[in-house]
Structures are given as structure tokens and as C-alpha cells.
Colleague: 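Please see the structure below; I have some questions.
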There are 2 protein chains.
Amino acid sequence: MNSTSIKVACSNCNLRELCMPLGLNESEMERVDEVVATRRKVTRGDNLFRNGDKFNALFAIRTGFFKTRISSEDGRDQVTGFQMAGEIIGLDGIVSDHHTCDAVALEDAEVCVMPFDRIEELSREITSLQRHVHKIMSREIVRENGVMLLLGSMRAEERLAAFLLNLVQRLHARGFSQSELVLRMTREEIGSYLGLKLETVSRTFSKFVEDGIVEVKQRHVRILNPDALKLIVNAQTCQPG
Amino acid sequence: MNSTSIKVACSNCNLRELCMPLGLNESEMERVDEVVATRRKVTRGDNLFRNGDKFNALFAIRTGFFKTRISSEDGRDQVTGFQMAGEIIGLDGIVSDHHTCDAVALEDAEVCVMPFDRIEELSREITSLQRHVHKIMSREIVRENGVMLLLGSMRAEERLAAFLLNLVQRLHARGFSQSELVLRMTREEIGSYLGLKLETVSRTFSKFVEDGIVEVKQRHVRILNPDALKLIVNAQTCQPG
DNA sequence: CGACCTATTGACTATAGTCAATGCGCGTGG
DNA sequence: CCACGCGCATTGACTATAGTCAATAGGTCG
């Protein structure tokens, strides 16, 4: 499989501080290595899994960038998240043994395949792994709560500002710039995530540029004034008094 | 505590087919009974927990009706769910050891307190309990995905129709009518959940009444034409060809 | 180099929000 | 038991925001 002879394992993965083995000691991590036995490459545009697929495993993203998406019967669809290195994908499949969303690679990607029954087995033995798995699921619930707040009560500018801040913060945690980012998704995908049409996303970007808050050149974004973005997110339209 | 001498336990709870002990055998259920040692009554309007509270336990709703709500710094808030008997509440607290939302009783309620470290302990021993806990968390993730679709891509009528169908379906699973329900929440709370203003909720109810789809008398709702509701939810504004 | 996908911008429209007035019910207290 | 007050719901008139449709431009990839 691998052309190099270096064993790819959590213990020598630079994402271990963000990913599955977080909080485990050396020997525990070695046991998790056994779980993460296989890898899978996904080409840009391809699905890691689809709605309806049998659920077998969670996936830890090693490289690349994904979107998850659900579709309703009438053809509407909604991007439910964008995932990057170190994040875990596939939790939706546990409840019904089948995935309920699509996971699409937005750039060439590689994931660690973690068979779920192996995870469960190991979490029965390693308390800190058990706790960590629970935290990963809870984090996803809390994240989605935040998206509900965004979709339910924010205006277009607030949504886009929150989106940019969230992306750049996650990228920064992975060693990238705090002020510069390359969007891996189209305006339409951003719009789907934020509950907006692509034209509105585009117009809102233009407004931010006019206001000198960001520089935008297609998918390259430079944040000139992060405080202004934070102000937009937290500013209720107007306040009394 | 209890005025009666009947031991309140999962094994003789009529919600066991919906709640925590689902899928356990007799002896396993008895062990879960130990976990669900304490009960708590919550008066209408009171909080079961608040944003910032230390997380210790999950709660299984025995009777009553709750809403969960998150608030942003600027005072905006968003209802993230309505919970009824047999449903589990508090999963948001696992990730950071503190709750990140408020849980408010919309009517006098009683919950079973399930200390989370006891749940974890027991799921290390009882495989089917472990699996069940994972399913409960995954189910919540999938539910929130659905809400994101609703908030991100549906129009007011579609949102309210989906809301009513979901409520009545859950009530029906608990032995209530398929066509009649009493709303435990105000128009404003429905609106907050659906990302609409209370006036829009009210107007949309009135529209449904005009169209003969439902009867509404304050919080009493009778669904006259469930198929029409389903059609509204699944009908994209218009279809080509 | 050309085709196609993506993004931008403009003009107009639809949908839901805002503000305000009124009405209905329920619960409290006289 | 009735009257009153308050919270909740309804409805109307107007406005704001984002959506739609359409034309154009810019990039990217074969």
C-alpha cells in the first residue's frame, strides 16, 4: 500500500494532539494504532461515504478537506459541515448502522479508517479512550447547536463573518495563518452551509471588501480586520439606550 | 422521597422501550436501575440545568416537557430542541464538563438523574448499554442535521409543517393521538426553534387553518389533513418539466 | 486556445421581519 | 363568582433582507 516503509501510526502522527489519540499515554496510543490499521485515499470530488451506505467505521482525516451534506427527498440539500485534518467524520452512521449523509472530498484526501466495533472494544478497556470518544460526539452536538443559532437568528453578514472566523481559527490550530486562508469550497457550498444563496455569499464578500475588512481574490481570503468581523458576529442589529 | 412504596426503576417504567434501557435484557436492566438511583422534579419554568453549570449527569425525562436553548453573548437565543418523556437530555455537557445550553421545563416535570461516570463505568461492562449510549448521541447528531436542513433551506410553511409532523409522530410513539396535540410552548418558542418570528408562526398557522389543513385553538391543534402537511414539507417550490 | 465552471453584479421580486393595534383566555384576587 | 389584568396570540400595514433571474467576467483545465 504505502511506498515508504515508515509505519504510519497515531504515535508518530503530527495530528495526535487534535485527533483520536488525544489524552492517551504512550502504551494506550500504541493500542489505538492497532485500530487505525487501514488508510484510504479519496480523490477530490469523490465520496468517502454516501447516504444509505452501511456504517462500519469512523474516519479520521489525515490530509485533505471534506464537506458533509444531507439531501431531502425533494432534492434539496444542505451542507452540514466542513471537516479538516484531525477531525472525525462518520458519527451520523452509528444510530441506524447506515450513514445518513454524504461525505465528499473537496480536495485529494487521506483518512484513517477506524472500524467502530474495534473502537468500542478498546474503549471498554481504555477509560480515557472511552471518555474521548464521548467527547468527540458531544463536541459535534455542541457544534451543531452553534450552527442552529447561526441559521436561526443571524443575518447574512453575521453568518459569513462567523464562518470565516471559525475556519481561520481551526486552521490556526493546525499551524496555518491567522489572517490568510484558501477556501476549498465554492460560494454555493458556503451558501448551502450558511442557509444563503451563492449570490448573497458573493455580495456579502464584496461588502466586506468595500468596508476594508477582508481582501478576496477568488478563493484566497486575507482577513485585514478580524476585530471588525468579531464585531459583526456579536452585534445585535441595534441595542436600546 | 416517594410517598408510595413502589420502587421506581427502569424495569417497571413504561418508557423503557424508548429510553435508556432499550435493548437490554432483564439482568442488565437491573444493573442500570442502580445508575438511575435518583430522581428530580422540575417545576414549570425552572431550569434543569443552565449554560455554565458543571456537567455531572445525563437526564432521562420521565414526565413533562422541556426546551433546550443556547444564548449568544449579544443576547440572541435559539431554542435547539423540545424534549419529551423517554428522551435524554444533557449530552452537550460531556465535551467540556460544563453544560453549554439551558434546559427549561415547559411543564412540571420529573427526570431520572444518571451520573455520567456511572454510565461510563457500566458501559464498559455491558456491551449493549455502550452501544445504546453511542446510538443516543448519534441520534442527536442526526436530528440536528435535520434541523439544519430545515433552517437552511425551508420556507416558513415547510418549517412549521415539518415541526408539527415531527411532534405528532413522537407523541404517537408515546401512545397519544396521531391527529391531535397540545403545544407546550409559545409561538415565540416555536419561532425561535424554527428560525422565524412569532408573528410569522402565527400567520402560518392561520394560513393552514384557511386551507383546511389544521384546526387551531390557541395551543390545541388538530391535524385534519396530514397528507397536505407532508406535501408541504416535501414540495420544492416548483419542479421542472 | 477554447470551453466550462465559478464568481460577480444588477434589476426586480418574494418572503419574512418590524411595529403597532386589538383580541382572547386564564388565573388572581376582590 | 365575577372583574380585572396580564401574557399570549392574531392581524394589518409597511419595510428590510435575501432570493431570483439574467448578463457578464474571470479562471482553470483539458
Side-chain angles (χ1 to χ4, degrees), chain A residues 43-45 67 76 78-79 104 106-108 150-161 163-164 182-211 214-221 232 235-240, chain B residues 43-45 67 76 78-79 104 106-108 150-161 163-164 182-211 214-221 232 235-240:
Chain A
T43 309
R44 176 180 163 171
K67 70 172 176 184
R76 242 186 302 234
Q78 170 76 25
V79 170
V104 183
L106 297 182
E107 58 183 9
D108 288 355
L150 181 146
L151 290 172
S153 74
M154 292 188 177
R155 298 179 321 111
E157 290 180 33
E158 300 169 325
R159 295 184 198 193
L160 189 63
F163 170 74
L164 288 174
V182 177
L183 302 170
R184 301 289 149 172
M185 69 295 278
T186 66
R187 301 289 189 263
E188 185 169 23
E189 287 163 333
I190 297 172
S192 173
Y193 182 60
L194 298 179
L196 300 170
K197 293 294 160 182
L198 69 95
E199 294 94 331
T200 304
V201 174
S202 182
R203 273 187 249 271
T204 309
F205 268 124
S206 302
K207 169 125 195 340
F208 287 173
V209 171
E210 270 176 50
D211 297 351
V214 299
E215 269 175 27
V216 178
K217 206 172 201 177
Q218 299 293 120
R219 301 201 179 175
H220 294 259
V221 177
I232 289 171
Q236 195 68 289
T237 1
C238 57
Q239 50 233 4
Chain B
T43 309
R44 177 181 161 168
K67 69 171 175 186
R76 243 187 302 234
Q78 170 77 23
V79 170
V104 184
L106 297 182
E107 58 183 8
D108 289 354
L150 181 145
L151 291 172
S153 74
M154 290 187 178
R155 298 178 323 108
E157 289 181 35
E158 299 169 326
R159 295 184 197 193
L160 189 64
F163 171 74
L164 288 174
V182 178
L183 302 170
R184 301 289 148 173
M185 69 296 279
T186 66
R187 300 289 188 263
E188 185 170 21
E189 287 163 332
I190 297 173
S192 172
Y193 182 60
L194 299 179
L196 301 170
K197 294 293 159 183
L198 69 95
E199 294 94 332
T200 304
V201 174
S202 182
R203 274 186 249 271
T204 308
F205 267 124
S206 301
K207 169 125 195 337
F208 287 173
V209 172
E210 270 177 51
D211 296 352
V214 299
E215 270 175 27
V216 178
K217 207 174 200 177
Q218 301 292 119
R219 301 201 180 175
H220 295 257
V221 177
I232 289 171
Q236 195 68 287
T237 0
C238 57
Q239 50 234 4

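For clarity, every value in this text was computed on a predicted model and none was experimentally measured. Just so it is clear: chains get the letters A, B, ... in the order the sequence lines come, proteins before strands, and each one is counted from 1.
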Colleague: Side-chain contact test, heavy atoms from C-beta onward, threshold under 4.5 Å: evaluate it for B/Thr186 versus B/Leu198 and give yes or no.
Modeller: no

Colleague: Rounded to the nearest Å, what distance is computed from the CE atom of residue B/Met185 to the C1' atom of nucleotide D/dA9?
Modeller: 15 Å

Colleague: At less than 4.0 Å, is any side-chain N or O atom of A/Thr200 found next to OP1 or OP2 of D/dA18? Yes or no.
Modeller: no

Colleague: Suppose we call a contact any N or O donor and acceptor under 3.5 Å apart; does that hold for the side chain of A/Arg219 and the base of D/dG27?
Modeller: no

Colleague: Please give, in whole Å, the distance from D/dA18 C1' to A/Arg155 CZ?
Modeller: 11 Å

Colleague: The side chain of A/Leu196 lies closest to which of these nucleotides: C/dG10, C/dT8, D/dG19?
Modeller: D/dG19

Colleague: For the side chain of B/Ser202, starting at C-beta, report the closest nucleotide among C/dA7, C/dT18, D/dA9.
Modeller: D/dA9

Colleague: Measuring from atom CZ of A/Arg184 to atom CZ of A/Arg219, what distance do you get when rounded to the nearest 0.5 angstrom?
Modeller: 9.0 Å

Colleague: For DNA chain D, whose closest nucleotide is more 5', that of A/Val201 or that of B/Leu198?
Modeller: B/Leu198

Colleague: Atom NE2 of B/His220 and atom C1' of D/dC8: how far apart are they, to the nearest Å?
Modeller: 14 Å

Colleague: Taking any heavy-atom pair under 4.0 Å as a contact, classify A/Glu199: base, sugar-phosphate, or nothing.
Modeller: base

Colleague: Could you pull out all donor-acceptor pairs under 3.5 Å where a side-chain atom in residues 202-209 of chain A meets a protein atom, sequence neighbours excluded?
Modeller:
unit_1   : atom_1 : unit_2   : atom_2 : d
A/Thr204 : OG1    : A/Thr200 : O      : 2.6
A/Ser206 : OG     : A/Ser202 : O      : 3.1
A/Lys207 : NZ     : A/Asp211 : OD2    : 2.8

Colleague: Which whole-number value in Å describes the distance from A/Glu157 CD to D/dA18 C1'?
Modeller: 12 Å

Colleague: So what does A/Gly195 touch, heavy atoms closer than 4.0 Å: a base, only the sugar-phosphate, or nothing?
Modeller: sugar-phosphate

Colleague: Please give, in whole Å, the distance from D/dA18 C1' to A/Leu150 CG?
Modeller: 15 Å

Colleague: With a 4.5 Å cut-off on side-chain heavy atoms, are B/Gln78 and B/Leu151 touching?
Modeller: yes

Colleague: Nearest whole Å is fine: how far is C/dT15 P from B/Glu158 CD?
Modeller: 10 Å

Colleague: Roughly how many Å is it from NZ in A/Lys207 to C1' in C/dA7, rounded to a whole number?
Modeller: 19 Å

Colleague: Does B/Arg187 place a side-chain N or O at less than 4.0 Å from the phosphate oxygens OP1/OP2 of D/dA9?
Modeller: yes

Colleague: Counting heavy atoms from C-beta on, name the nucleotide in C/dA11, D/dA18, C/dT18 closest to the side chain of A/Arg203.
Modeller: C/dA11

Colleague: Take the protein atom NZ of B/Lys217 and the nucleotide atom C1' of C/dG23, then report the distance between them rounded to whole Å.
Modeller: 15 Å

Colleague: Decide if atom CZ of B/Arg44 counts as having more than 12 heavy atoms of other residues, nucleotides or ligands within a radius under 6.0 Å.
Modeller: no

Colleague: Check every atom of C/dA7, D/dA9, C/dG17 against the side chain of B/Lys197 and return the nucleotide holding the closest atom.
Modeller: C/dG17

